[in-house]
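So the structure is just underneath, and the comments pick up after that.
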Amino acid sequence: MASLPPVVVGNTSKLNPEVKKLPSPSVPFDKKNYSTKESDRAFASLSLEFREAFSLIGGDRKIESSSYVPLLQECIDTNSVSGVESIHGHIVKTGYCQELFLMTFLVNTYAKCGMMGSARSVFKEMLDVGGYPTNYTLGIVLNACSSLCDIELGKQIHGYIIKYDLEYDASIGNALCSLYSKCRSLDMAINAFQRIEEKNVISWTAVISACGENGNSAMGLNVFVQMLAEGVQPNEVTLTSVLSICCTLQALDVGTQVHSLSIKIGCGSDLAVTNSIMYLYLKNGCISEAKKLFDGITTISLVTWNAMIAGHAEMTSLAEDGLSAYFYGIEALKIFQRLNRSGLRPDLYTFSSVLTVCSSLVALEQGEQVHAQTLKTGFLSDVVVGTALVNMYNKCGSINRASKAFVEMSTRTLISWTSMITAFAQHGLSQQALQLFEDMRFVGVRPNKITFVGVLSACSQAGMIDQALAYYDMMINEYKINPVMDHYACLVDMFVRSGQIYEAFDFIKKTDLVPNEFIWSILIAGCRSQGQLELGFYAAEQLLELKPKDSETYFLLLNMYLSAGRWKDVSRVRKMMRDEKVDKITDWSWISIRNKVYTFKPGSKKNQASEVAKTLEDLHDRARHLGYQVETNMAIIDEEKEEATALPAHHSEKLAVAFGLLNTSNEAQIRVIKSISMCRDCHNFIKVVSILTSRTIIIRDSKKLHKFFNGHCSCGDFGGLV
DNA sequence: ATAGGGTTAG
């Protein structure tokens, strides 16, 4: 970069008309690469519409250089490498390769089509022949680096900018700011922003987005406030960035104010702004507000559809109970259908969200269809779509296909690796999980705290206490990751599983974090299953002080007190449940067969004399012969029955499984979703049923996935079963 | 022609 020519900044046509034209290049381009013959061949491979547009320009006819711009833009839109080369050849032939603006746009086009080498050589040739880059030119080149995340070239150009003392220029500073933001360097982005002498609304917007994109949303909001304080009027782009930040922060209150502001400054009908507000409402559970906005949009864009789908997907995890979560998922699939019929084509955002919806619905058939669609449209090569596919297969109980999808990915991010490690762990395949973790480290991907949750739970399931503690140590000392509650939960769970209740308790006492209700629940469930009641009662008192919000936690306690005959505690817990308004428990299960959803409540009357009930009774009889003993959990009963001591009706998943067995072919997997956690009795029963029927039975409850096969469950039989 | 809305792991 040492011998680069000087630079003129500003609107060059006004400042210095001469520099607008590049001097005639001595060696303009590598002509053998862009010979007419070559360009004709490339021309032949263009799409029909493209060829027609191109022929309008005419062969050797003298045309406006600006006529190339829409064609180059189309090359960007269709990612047509042959198109750019063809047009480049044409430009060389007509002599427009002296036009600074056109050549700059050509650099941009090459870069956006992924041909950084060509982009670089055109840019270099421009400089070599004495062309003067302007602030605009440099902005475009920086933007090209940004779209390719080519931080190295970006830094070289930054060096050039520093050399000619151009960092103060807003056009350049804005472009640098977004480049560094895209390349995940927030400090550098802020630095670039601060060096701008006269910051404009674009500069402010760029730095606000940079904060949002790099995990510092709170700072983004502060910068926005500062911007308003300095009297800079935001525009619609600023508002979308700020709204996106409100979305991440779940800051509905701020978002609502920004909504008002957008109406006040006349951006209320901007599509991007509307989409952002709609998504914000969806993500915060304000479905009707979101729907109102959606219905008011005259031209629905793909982003609108995607926001609706993603918003509903989000609702499946925010919903208060499993049943409404399920219906949000169904609604998301319906919106996806409407999108498909609307004539717009889904993109990578659509597919990622829809695959997530299939995951939460355990909808394998729909997931397979979406898989086929991603393959056909080419979006499967996107790393996020690929990762979503891995998760879909995992959550539908198909670890083999999850693993296949992972292996077939051409690039993998930290999230891809973590997903696959977690998938193995969730399927009880601890060795594979740990091997993959080592592979990930070997290829130089740095694990984060979520990766370690997967690693620790893999160790926990396999009872690998020493390894778990070693990985825990590695996390803290080698990777400098502070443990969070999930890590403690894995380790407590591990001690409990291996029967070391008091080690688990010691570990809880040793930690710096205050144990939450989840940690105490694991310990209490362990105490119950191992008959360590005194410790259980102690832990229960600690737990009750936290006034748990999860009704299942109370049912765990109720079961413990009931089986110990501690009636005073039973009524105490029941009173607390009424006080905390968590006394409603909705045990629902549902199963989807041939695109129809069947819902089951525990022991519903209508099922008592039905074929389902008969099947279930028959299974119970045969299960008893294999040593299964009914273990009554008296607390979770039909909500209509008050009597806790009454013999419970069948829990809903037993009915759903029986129904599934009756209505599917003999080899088919049974996939059931349950709104609350499985109890120990049902868990034992389904294990035996998997032997009796030689079926794979998958039950996804509110806490985890259970895949039953040949008498075993992938969850490894523990994990706080009520 | 430099700033934007929607996506994946616990």
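Predicted model only: the values in this text are computed from it and were never measured. Residue numbering restarts at 1 for every chain, and letters A, B, ... go by the order of the sequence lines.
- In this structure, CD of A/Glu213 is placed 13 Å from C1' of B/dG6, rounded to the nearest angstrom.
- In this structure, A/Ile297 places its CD1 atom 12 Å from C1' of B/dG6, rounding to the nearest Å.
- Across the protein-nucleic acid pair, A/Met485 atom CE and B/dG10 atom P stand 19 Å apart, rounded to whole Å.
- Atom-to-atom, CG of A/Asn174 to C1' of B/dG4 comes out at 14 Å; the value is rounded to the nearest Å.
- When distances run from any side-chain atom of A/Asp347 to the nucleotides B/dG5, B/dG6, B/dA1, the shortest one goes to B/dG6.
- Applying the 4.0 Å criterion to OP1 and OP2 of B/dA9, one finds that A/Gln426 has every side-chain N and O outside that range.
- Regarding A/Met420, its CE atom lies at a distance of 13 Å from the P atom of B/dG10, rounded to whole Å.
- Rounded to whole Å, atom C1' of B/dG10 lies 16 Å from atom NE2 of A/His427.
- A/Asn235 has its CG atom 13 Å from the P atom of B/dG5, to the nearest Å.
- Not a single donor-acceptor pair, N or O on each side, falls under 3.5 Å between the base of B/dG5 and the side chain of A/Asp270.
- Evaluated for a side-chain contact (heavy atoms from CB on, under 4.5 Å) with A/Met420, the options A/Ile399, A/Thr387, A/Asn391, A/Asn394 yield exactly one hit, A/Ile399.
- Two rings, from A/Phe105 and A/Tyr68, have their centers 6.0 Å or more apart.
- Residue A/Ser178 places at least one side-chain N or O under 4.0 Å from the OP1 or OP2 atom of B/dA3.
- Residues meeting the ring-ring contact (aromatic ring centres under 6.0 Å, His included) test with A/Phe336, sequence neighbours left out: none.
- Aromatic rings of A/Trp417 and A/Phe437 (six-membered ring for Trp) have centroids beyond the 6.0 Å cut-off, not under it.
- Within the nucleic acid shown, A/Ile309 has no heavy atom closer than 4.0 Å to any nucleic acid atom.
- Taking only distance into account, the side chain of A/Asn200 never meets the base of B/dA3 through a donor-acceptor pair shorter than 3.5 Å.
- No N or O donor and acceptor, one from the side chain of A/Asn108 and one from the base of B/dA1, sit under 3.5 Å apart.
- Other residues, nucleotides and ligands place no more than 12 heavy atoms under 6.0 Å from the CD atom of A/Glu198.
- Remark: A/Arg345 engages no residue in a salt bridge (Lys or Arg N to Asp or Glu O under 4.0 Å) (not counting sequence neighbours).
- Aromatic pair A/Phe294/A/Trp305: centroids less than 6.0 angstrom apart.
- Remark: P of B/dG5 and CE of A/Met278 are 14 Å apart, rounded to the nearest angstrom.
- One finds a side-chain N or O of A/Lys395 lying less than 4.0 angstrom from the OP1 or OP2 phosphate oxygen of B/dG10.
- For the contact set between residues 237-247 of chain A and DNA chain B, defined by any heavy atom under 4.0 Å, the members are A/Val237, A/Thr240, A/Ser241, A/Ser244.
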